[in-house]
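Let me begin by presenting the structure, written as structure tokens, before commenting on it.
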Amino acid sequence: MRHGPRGRLVGFAYLAPALIFVLAFTAYPLAQMAWMSLHNWSLLSPPRFVGLANYERAFSDTQFWVSFRFTLLYAALITPVLIIGGYLLALLTARNTVLRRVTRTVVFIPVVIGLGVSSLLWYWLFSTDFGLVNRALLDLGVIDKPVLWLGVDATVSSVAISASVVWKVIGFGMILFVAAIQAVPTDVVEAALVDGVSYWQRVTRVILPLTLRTVLLVTLVSVIGSLLAFDQFYIMTAGQPRNETATSVFYIYLNSFPYLKLGYGAALSMILAVTILVFTVIQLLLTRRSHQ
């Protein structure tokens with residue numbers, strides 16, 4: 001292994017492409033957004049420096065905090081479903097059973113579909129007049145009249161959108177869990193079998209603790225994805241009814257572009273970015289503790 005100035009230069013040369021990518025597509029946009037948040041900018045006039053006025057306005061903006069609270073509730077609703085459901089599907093897929101090929105194919109196919117496309121698909125499926133969901137429930141006798149799934153009741157709309165997102169992304173977590181489960185040393189599992197441990201005891205006492213880091217990783221990805229939710233709500237409800245299904249990113253979009261308040265939208269984005277950073281730090285701490 002090379003040491004000295006030449007070795008360090010070679011190391012920096014290998015690192016340079018990734019470093020340039022991070023600086024160009026992460027650090028610079030983040031710095032630009034922080035600069036924009038300190039200005040009043042409508043895109044139609046030159047930016048005017050206002051200091052922390054946009055942040056002061058954000059902390060007194062009732063609608064923003066309503067959308068922020070709704071986003072947190074949405075994340076709290078969908079994340080456990082994605083984690084528990086994905087792990088159970090991974091257990092079915094990791095085992096050498098007849099269901100392995102079915103779950104591996106059927107569950108993962110929606111992952112490769114774009115979120116916008118899947119949202120349009122489910123918008124049609126939940127249609128009141130000709131949607132297949134209402135048609136199936138009517139034929140089965142579960143309901144006696146079509147249900148207004150989207151845009152009328154915030155709770156019903158949230159459940160419908162959450163169902164579409166679970167269908168779309170649960171396969172992503174499942175694949176990561178499958179990789180983690182299959183990486184569990186076989187001698188550990190065989191030792192548990194020799195001791196007469198049942199299957200679910202092996203899962204809860206052997207496999208789950210050894211795959212905890214992957215569980216925390218998928219949890220973090222799911223939480224961040226939920227906090228950044230936009231496409232599905234924009235396409236399926238457009239924030240209706242009465243902006244009760246408007247997520248934080250949706251509200252930021254409204255202020256930044258239709259309302260032409262780019263500086264204020266940047267300030268709201270910084271608040272959301274700090275929230276995501278807090279969740280990331282918590283996940284890193286939990287991961288470090290699980291590794292000790």
Side-chain angles (χ1 to χ4, degrees), residues 1-3 7-8 10-12 14-15 17-19 21-22 26 75-113 115 118 162-163 165-228 276-292:
M1 184 175 181
R2 294 181 177 180
H3 297 281
R8 288 194 294 269
V10 172
F12 279 119
Y14 282 113
L15 182 63
L19 183 61
F21 183 87
V22 171
T26 301
L77 169 68
I78 199 170
T79 299
V81 177
L82 292 175
I83 302 304
I84 298 174
Y87 204 93
L88 292 176
L89 288 170
L91 292 173
L92 290 175
T93 306
R95 299 181 66 188
N96 190 17
T97 62
V98 178
L99 291 176
R100 177 178 181 177
R101 187 170 299 177
V102 176
T103 55
R104 184 175 54 187
T105 304
V106 174
V107 178
F108 188 73
I109 284 178
V111 177
V112 302
I113 302 175
L115 186 56
S118 69
S162 298
V165 174
V166 169
W167 174 84
K168 166 69 178 69
V169 303
I170 196 171
F172 175 77
M174 180 196 73
I175 291 299
L176 293 181
F177 289 143
V178 167
I181 292 171
Q182 292 180 340
V184 174
T186 55
D187 55 345
V188 176
V189 179
E190 290 172 355
L193 285 171
V194 171
D195 291 337
V197 177
S198 66
Y199 174 72
W200 284 111
Q201 287 177 328
R202 294 199 304 272
V203 170
T204 56
R205 300 181 183 181
V206 178
I207 298 177
L208 183 58
L210 293 176
T211 58
L212 184 58
R213 297 188 68 182
T214 304
V215 172
L216 293 175
L217 172 62
V218 176
T219 301
L220 176 64
V221 173
S222 300
V223 169
I224 292 177
S226 301
L227 294 177
L228 296 177
I276 293 175
L277 178 62
V278 170
F279 279 104
T280 303
V281 171
I282 292 174
Q283 190 271 343
L284 291 175
L285 293 176
L286 291 175
T287 301
R288 180 178 299 178
R289 180 174 298 180
S290 67
H291 188 62
Q292 292 176 351

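Since we're looking at a predicted model, the values are computed, not measured.
Side-chain N or O atoms of Arg202 include none that pairs as donor or acceptor with a backbone N or O of Leu193 at under 3.5 Å. Ser118 places a side-chain N or O within 3.5 Å of a backbone atom of Leu115 that can act as its donor or acceptor partner.
Looking at Ile83 and Ser222, their side chains come closer than 4.5 Å, going by heavy atoms from C-beta outward. Within the 4.5 Å cutoff, side-chain heavy atoms of Trp167 are placed close to those of Ile113. Under the 4.5 Å side-chain criterion, counting only non-hydrogen atoms from C-beta, Leu216 is not in contact with Leu220. Proximity of Tyr199 to Leu91: side-chain heavy atoms (C-beta onward) are separated by under 4.5 Å at one or more points. Considering only heavy atoms from C-beta on, Val218 stays 4.5 Å or farther from Leu82 through its side chain. Residues Phe177 and Thr211 are not in side-chain contact: their nearest non-hydrogen atoms beyond the backbone lie 4.5 Å or more apart. Residues Phe108 and Thr93 fail the side-chain proximity criterion, which asks for heavy atoms closer than 4.5 Å.
Closest of all the heavy-atom pairs between Ser226 and Thr79 is OG-OG1, 4.1 Å. Scanning both residues, Val215 and Thr219, for their nearest heavy atoms gives O-OG1, 2.7 Å.
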TODO: Please step through side-chain contact (heavy atoms from CB on, under 4.5 Å) for the pair Ser162 and Val81, ending with a clear verdict.
DONE: CA-CA 9 Å; Ser162 298; Val81 177; over 6 Å; no
Task: Phe279 vs Ile224, side-chain contact (heavy atoms from CB on, under 4.5 Å): CA-CA, chis, key distance, verdict - done: CA-CA 8 Å; Phe279 279 104; Ile224 292 177; 5.6 Å; no
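To the nearest 0.5 Å, the span separating CG on Leu212 from CD1 on Ile207 amounts to 13.5 Å. Here Leu88 contributes atom CG and Met174 contributes atom CE; the two are 12.0 Å apart, rounded to the nearest 0.5 Å. Ile84 CD1 to Ile170 CD1: the interatomic distance, rounded to the nearest 0.5 Å, is 10.0 Å. To the nearest 0.5 Å, the span separating CD1 on Ile181 from CG on Leu208 amounts to 9.0 Å.
Evaluated for a side-chain contact (heavy atoms from CB on, under 4.5 Å) with Ile109, the options Val107, Val106, Thr105, Val111 yield exactly one hit, Thr105.
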